[in-house]
Each structure stands twice: as C-alpha cells, then as structure tokens.
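Take a look at the structure set out below.
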Amino acid sequence: MPRLVRDLKHEHSLITDLFKSVKEAGVSSKEGRERLLAAKKGLLGHLKKEDDKLYPVLKDAAKDDPRLRTTLDLFAREMEEVSALVLKFFNKYSQAGASGMEFARDFGQLAAKLGSRIRKEENILYAEYDKLRQD
C-alpha cells in the first residue's frame with residue numbers, strides 16, 4: 001500500500017474520532033466547539049492533500065481509462081453534495097447556542113454522509129491509486 005494511501009486512511013480515522021469526540025462533548029460546550037473547529041481544520045487539510053496528491057495521479061490515469069474517468073466524475077459530483085453539507089454544518093455549529101436535538105439530527109446526517117464517503121474512497125479510489133502507485 002502506498003504511503004499516501006496509508007496517510008489518508010490514518011487521517012480518516014483521526015477525523016472520525018474527532019467527530020465522535022464533538023458529539024460526546026456536545027457542540028454547546030466550549031470543548032465541543034473547539035473539537036468541532038479541530039475537525040474542520042483536519043478535514044480541510046485532508047481534502048487539500050487529496051486534491052494535491054491523490055487526484056492528479058488518478059486524473060492523469062483517467063485520460064486513457066474511460067472506466068476510471070466515469071468513477072472520478074461520480075466521485076466529484078458526490079463530493080459537491082458532501083461539501084455543501086459539511087459547510088452548512090460547520091457554519092451552523094461553529095458558533096455557540098446550538099440546539100441539542102437539532103445538532104443531534106444534523107450531526108447524524110453528516111456522520112452518515114462522511115462515513116459513506118470515507119468507505120467509498122478507501123474501497124474504490126484508494127484501490128485505484130494502489131494499482132497505479134506502489135511506493
């Protein structure tokens with residue numbers, strides 16, 4: 001497994017753990033908001049790493065592989081939806097005064113979307129990268 005894939009999977013684990021800790025602390029607490037901001041920072045850094053290091057390799061390979069090109073197009077469309085949900089969530093809950101029940105509902109929706117995306121990336125995109133790079 002390439003080092004990049006190992007690093008990205010590790011980051012997935014850290015981001016997932018941070019989101020769990022936000023839920024445990026509660027977004028209405030100072031600690032919960034601090035964890036939420038740390039999760040946001042970790043997620044943004046992770047996405048930048050994927051954009052800088054993972055996707056260029058996959059996009060280059062997709063020039064000669066219609067199946068991979070279709071896969072990347074599907075992932076890009078899905079990411080637009082996930083990104084919109086993530087931004088809405090962070091904008092809403094980065095400030096104090098969030099409702100517990102509303103947060104729980106929104107958090108559950110976000111966690112499900114991110115969890116699904118993480119599984120797909122690890123099972124599909126990272127596997128494609130593995131085929132191309134063995135460093």
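We're numbering straight along the sequence, starting at 1.
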(message) Between S21 and L18 (side chain of the first, backbone of the second, donor and acceptor by atom type, cut-off under 3.5 Å), is there such a pair?
(response) yes
(message) Test your reading of the model: is there a side-chain donor-acceptor pair from R6 to the backbone of M1, 3.5 Å cut-off?
(response) yes
(request) Go through the structure and list residues passing salt bridge (charged side-chain N to carboxylate O under 4.0 Å, His left out) with R67, not counting sequence neighbours. (result) D65, E128
Donor-acceptor pairs under 3.5 angstrom involving side-chain atoms of residues 105-115: please list them, not counting sequence neighbours.
{"from": "D106", "atom 1": "OD2", "to": "K92", "atom 2": "NZ", "distance (Å)": "2.9"}
{"from": "D106", "atom 1": "OD2", "to": "Y93", "atom 2": "OH", "distance (Å)": "2.6"}
{"from": "K113", "atom 1": "NZ", "to": "E81", "atom 2": "OE2", "distance (Å)": "2.4"}

(message) I'd like to check the salt bridge (charged side-chain N to carboxylate O under 4.0 Å, His left out) partners of K120; sequence neighbours left out, ordered by chain and number.
(response) E78
(request) May I ask whether I15 and M79 are part of the same hydrophobic cluster, defined by side-chain heavy atoms of I, L, V, M, F, W, Y residues being less than 4.5 angstrom apart, directly or through others? (result) yes
(request) Determine whether V82 and L74 fall in the same hydrophobic cluster, where Ile, Leu, Val, Met, Phe, Trp and Tyr are linked whenever their side-chain heavy atoms lie under 4.5 Å apart. (result) no
(message) Return the CZ to CG distance between F19 and L14, rounded to the nearest 0.5 Å.
(response) 12.5 Å
(message) With rounding to the nearest 0.5 angstrom, report the CG to CZ distance, L8 to R3.
(response) 11.5 Å
(message) Working to the nearest 0.5 angstrom, can you tell me the gap between I118 CD1 and T16 OG1?
(response) 3.5 Å
(message) For a quick test of reading the model, state the closest non-hydrogen atom pair linking L132 to A61 and the distance between them.
(response) CD1-CB, 3.5 Å
Using atom types as modelled, flag every donor-acceptor pair under 3.5 Å from a side chain in residues 39-49 to any protein atom, sequence neighbours excluded.
{"from": "H46", "atom 1": "ND1", "to": "E11", "atom 2": "OE1", "distance (Å)": "2.7"}
{"from": "H46", "atom 1": "NE2", "to": "H12", "atom 2": "NE2", "distance (Å)": "3.0"}
{"from": "H46", "atom 1": "NE2", "to": "E50", "atom 2": "OE2", "distance (Å)": "3.0"}
{"from": "K48", "atom 1": "NZ", "to": "D52", "atom 2": "OD2", "distance (Å)": "2.7"}
{"from": "K49", "atom 1": "NZ", "to": "E11", "atom 2": "OE2", "distance (Å)": "2.6"}

(message) Test of understanding: with side-chain hydrogen bond (donor to acceptor under 3.5 Å, both in side chains), list the residues that count as partners of Y55, not counting sequence neighbours.
(response) R117
(message) Side chains of Y126 and L4, heavy atoms from C-beta outward: is any pair under 4.5 Å?
(response) no
(message) For A62, is there any backbone N or O sitting under 3.5 Å from a side-chain donor or acceptor partner on R69?
(response) yes
(message) Checking the side chain of D60 only, and the main-chain atoms of P56 only, is there a donor and an acceptor separated by less than 3.5 Å?
(response) no
(message) Is there a path of hydrophobic side-chain contacts, each under 4.5 Å between heavy atoms, that joins L68 and I124?
(response) yes
(message) Heavy-atom count check: over 12 atoms from other residues, nucleotides or ligands less than 6.0 Å from K9 NZ?
(response) yes
(request) Please answer: with hydrophobic residues joined when any side-chain heavy atoms are less than 4.5 Å apart, are Y129 and F75 in the same cluster? (result) yes
(message) Going by the rule salt bridge (charged side-chain N to carboxylate O under 4.0 Å, His left out), which residues pair with D17 if we only count those two or more places apart in sequence or in a different chain?
(response) none
(request) Report whether L37 and F89 are members of the same hydrophobic cluster (ILVMFWY, side-chain heavy atoms less than 4.5 Å apart, transitive linking). (result) no
(request) Would you mind checking if K20 and E24 are paired as a salt bridge, meaning a charged N to carboxylate O distance below 4.0 Å? (result) no
(request) To the nearest 0.5 Å, tell me how far E121 CD sits from S116 OG. (result) 10.0 Å
